[in-house]
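Hydrogens, waters and symmetry mates play no part in the numbers below; they use all other heavy atoms, side chains included.
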Amino acid sequence: MADLTRIFGAEMSPYSVKVRSYFRYKEIPHQWILRNADAQAEYEKLARVPIIPLVVTPDGAALQDSTPIIDRMEELCPEPWIHPADAVARFVSILLEEFGDEWGNKWMFHYRWAREIDQIASAGRLARMRAPKASEEELAKLVMQVRTRMVERVWFVGSNDVTSSQIEASFRETLELLDRHLEGRPYLFGGRPAYGDFGLWGQIYELWTDPTAGALIEGSAPHVLDWVQRMLWPRATGAFESWSTLAPTLMPILKDQVGEQFITWTLANEQALRDGKEEFSVQLGDKVWIQKPQKYHARSLAMLRAKYAAVADKTALDPLLAATGCLAGLRA
């Protein structure tokens, strides 16, 4: 196994399955290691921070955080390329990857722990993953512990009595727009998966595996369902499309969800962190959003801004970003 890259992850982690899908597409030899009690000692020896996925390369380098993992692997294994040649499409893909990781995670975490049916299903899966050798009595106790702990943590992604309806409306609206966009194309940017596919897919895949959100996907979004299943083992079937052919159905997602919702929220979150606030509110459309600031997001926003700054020619990109409400959030 010394010549294999190892991925310590979990089936219920959107960031773990995102990285696994990427490795499968790239056909990078790897070993998928479930992070549970059996692998905990080795994981703790290698991990710098207690998050998954943890990727360990054959030379012993340990990588964490799904986006930097993919960025690093792109340097090592550039083919097949996951960035469209079209400069506008390429940055939109980068933007959607961030949107999936940060805003899509709100959908996933909320739906997984907001209702009793999803709580019971998810806590049971997590408990059996963590303690596969436990007795039924031990598992029952662990299920209750997991359920209690996770339900109490929904505030972390901004899910609360004020925002729950907004989170669910955002998911349903994105699902409808995404289904329209994926009609007639296998991936977000054409005939092969792009950077943005992996980030957005990781969250929607997890939503599909849970009862309530899964029923929404299967009942109302057949093209998204096909994409979700296709991305488990993605393969190139054609070329990337140009922005001109993608724009008619991607622009509504960029404007209604990325610009009006995510970018507006991220700027308010950034300001709240600067001001040292314990809670902040921001107007998103006709609703007020209230939550505690998310510290990690400031770091991921900085990485996104660096990628925007690295775009050499923004002549065609900036008017698009301005029209969709995204530009202000990308200028530090």
> Side chains of Ser220 and Glu176: do they bring a donor and an acceptor to under 3.5 Å?
Replying inline: no
> If you round to the nearest 0.5 Å, how far is CG of Leu76 from CD1 of Ile28?
Replying inline: 8.0 Å
> If you round to the nearest 0.5 Å, how far is CZ of Phe99 from CG of Leu254?
Replying inline: 9.0 Å
>> Just verifying a value: how many Å separate Gln271 CD and Leu273 CG, rounded to the nearest 0.5 Å?
In response: 9.5 Å
>> With a 4.5 Å cut-off on side-chain heavy atoms, are Pro234 and Phe198 touching?
In response: yes
> Under the side chain to side chain contact (heavy atoms under 4.5 Å, CB included) criterion, do Val17 and Trp201 qualify, and how do the steps go?
Replying inline: CA-CA 9 Å; Val17 297; Trp201 173 81; 4.0 Å; yes
>> Glu278 vs Lys292, test: salt bridge (Lys or Arg N to Asp or Glu O under 4.0 Å). Steps then yes/no.
In response: CA-CA 6 Å; Glu278 294 186 4; Lys292 297 179 181 181; over 6 Å; no
> Between CZ of Arg180 and CG of Leu182, what distance do you get to the nearest 0.5 Å?
Replying inline: 12.0 Å
>> Taking Ile51's backbone N and O only, do any of them form a donor-acceptor pair with Gln64's side chain (distance below 3.5 Å, no angle check)?
In response: yes
> Are side-chain heavy atoms of Gln257 and Phe262 found at a separation under 4.5 Å?
Replying inline: no
> Can you check side chain to side chain contact (heavy atoms under 4.5 Å, CB included) on Lys26 and Met73, steps first, answer last?
Replying inline: CA-CA 10 Å; Lys26 290 284 188 165; Met73 295 308 299; over 6 Å; no
> Do Asp118 and Arg112 touch side chain to side chain, with heavy atoms closer than 4.5 Å?
Replying inline: no
> Got Val162 and Val288 here, is their nearest side-chain heavy-atom distance under 4.5 Å?
Replying inline: no
>> Taking Pro78's backbone N and O only, do any of them form a donor-acceptor pair with Trp81's side chain (distance below 3.5 Å, no angle check)?
In response: no
> Is there a donor in the side chain of Asn160 and an acceptor in the side chain of Thr163, or the other way round, less than 3.5 Å apart?
Replying inline: yes
>> Tell me whether Arg235 at atom CZ has more than 12 heavy atoms from other residues, nucleotides or ligands lying less than 6.0 Å away.
In response: yes
> Is there a donor-acceptor contact under 3.5 Å linking the side chains of Lys106 and Gln261?
Replying inline: no
>> Could you report the tightest heavy-atom contact between Met303 and Pro68, atom names first, then the distance?
In response: SD-CG, 4.1 Å
> Are Ser170 and Trp107 linked by a side-chain donor-acceptor pair shorter than 3.5 Å?
Replying inline: yes
>> Quick check: closest heavy atoms across Leu54 and Ala62, and the distance to 0.1 Å?
In response: CD1-CB, 3.9 Å
> Can we say Glu138 and Lys141 salt-bridge, meaning some charged N sits less than 4.0 Å from an Asp/Glu carboxylate O?
Replying inline: no
>> Would the distance check show the side chain of Ser21 and the main-chain N or O of Met231 forming a donor-acceptor pair, the cut-off being under 3.5 Å?
In response: yes
>> Is any side-chain heavy atom of Glu74 closer than 4.5 Å to one of His83?
In response: yes
>> Can you confirm whether the side chains of Asp101 and Thr67 place a donor and an acceptor under 3.5 Å from each other?
In response: yes
> Between Asp210 and Arg115, is the closest basic N to carboxylate O distance under 4.0 Å?
Replying inline: no
> Ser122 and Trp113: side chain to side chain contact (heavy atoms under 4.5 Å, CB included), yes or no, with the steps?
Replying inline: CA-CA 8 Å; Ser122 298; Trp113 301 109; 3.6 Å; yes
>> Please find the pair of heavy atoms, one from Trp289 and one from Val157, that lie closest to each other, and give the distance.
In response: CZ2-O, 4.2 Å
> Are Leu320 and Met251 side-chain neighbours, meaning at least one heavy-atom pair lies under 4.5 Å?
Replying inline: yes
> Are Met108 and Ile204 connected in a single hydrophobic cluster, I mean Ile/Leu/Val/Met/Phe/Trp/Tyr linked by side-chain heavy atoms less than 4.5 Å apart?
Replying inline: yes
> If you measure only the distance, is there a donor-acceptor pair under 3.5 Å linking the side chains of Glu98 and Tyr195?
Replying inline: no
> Looking only at atom types and distance, does a side-chain atom of Ser93 sit under 3.5 Å from a main-chain N or O of Ala89, one as donor and one as acceptor?
Replying inline: no
>> How close do Val143 and Ala123 get, counting heavy atoms only, and between which atoms?
In response: O-CB, 3.7 Å
>> Under 3.5 Å, is there a donor on one side chain and an acceptor on the other for Tyr25 and Asp197?
In response: no
> Roughly how far, to the nearest 0.5 Å, is CD of Gln166 from CG of Asp286?
Replying inline: 8.5 Å
>> I'd like to know if Tyr205 and Trp233 are part of one continuous hydrophobic network [Ile/Leu/Val/Met/Phe/Trp/Tyr, side-chain heavy atoms within less than 4.5 Å].
In response: yes
> Is there a donor-acceptor contact under 3.5 Å from the side chain of Arg24 to the main chain of Leu232?
Replying inline: yes
>> Determine whether a donor-acceptor pair (N or O, by modelled atom type, separation under 3.5 Å) exists between the side chain of Thr209 and the backbone of Glu206.
In response: yes
> Can we say Asp65 and Arg72 salt-bridge, meaning some charged N sits less than 4.0 Å from an Asp/Glu carboxylate O?
Replying inline: no
>> Could you check whether Lys314 makes a cation-pi contact with Phe91, meaning its NZ or CZ is under 6.0 Å from the centre of the six-membered ring and within 45° of the ring axis?
In response: no
> Counting distance only, does the side-chain N/O of Asn36 pair as donor-acceptor with the main-chain N or O of Ala131 below 3.5 Å?
Replying inline: no
>> I'd like to check Leu175 versus Arg172 (side-chain heavy atoms, cut-off strictly below 4.5 Å). Are they in contact?
In response: no
> For Asp275, does the CG atom sit with more than 12 other heavy atoms under 6.0 Å from it, leaving out its own atoms?
Replying inline: yes
>> Is there a continuous path of hydrophobic side-chain contacts, each under 4.5 Å between heavy atoms, that joins Trp32 to Met12?
In response: yes
> Would you find more than 12 non-hydrogen atoms of other residues, nucleotides or ligands less than 6.0 Å from Glu279 atom CD?
Replying inline: yes
> Can you tell me how far OG1 of Thr249 sits from CG of Leu178, rounded to the nearest 0.5 angstrom?
Replying inline: 9.5 Å
> Which heavy atom of Pro186 sits nearest a heavy atom of Gly191, and at what distance?
Replying inline: CG-CA, 3.8 Å
>> One thing to verify: whether Arg35 and Glu42 come together as a salt bridge, which I'm taking to mean a side-chain N less than 4.0 angstrom from a carboxylate O.
In response: no
> Hey, is CD on Glu137 packed in by over 12 heavy atoms from elsewhere, all under 6.0 Å?
Replying inline: no
> Just wondering, are more than 12 heavy atoms of other shown residues or ligands nearer than 6.0 Å to CD1 in Ile117?
Replying inline: no
> Out of Asn269, Thr266, Asn105, which residue meets the side chain to side chain donor-acceptor pair (under 3.5 Å) rule with His297?
Replying inline: Thr266
>> Under the side-chain contact (heavy atoms from CB on, under 4.5 Å) test against Phe189, which residue among Thr245, Leu250, Asp86 passes?
In response: Leu250
> Should Glu97 and Lys307 be marked as a salt bridge (Lys or Arg N to Asp or Glu O under 4.0 Å) after you check the CA-CA gap, both sets of side-chain angles, and the distance that decides it?
Replying inline: CA-CA 12 Å; Glu97 194 267 353; Lys307 290 172 182 177; 5.2 Å; no
>> When you compare the side chain of Arg20 with that of Glu11, does any pair of heavy atoms fall below 4.5 Å?
In response: yes
>> To check you understand the geometry: which heavy-atom pair defines the closest contact between Cys77 and Tyr22, and what is its length?
In response: O-OH, 4.3 Å
> Do His181 and Trp227 make the cut of ring centroids closer than 6.0 angstrom?
Replying inline: no
>> Let's go through Trp265 and Gln291 carefully: what are the C-alpha distance in whole Å and the side-chain angles of both, what is the deciding distance for side chain to side chain contact (heavy atoms under 4.5 Å, CB included) to 0.1 Å, and is it a yes or a no?
In response: CA-CA 10 Å; Trp265 170 83; Gln291 77 161 99; 2.8 Å; yes
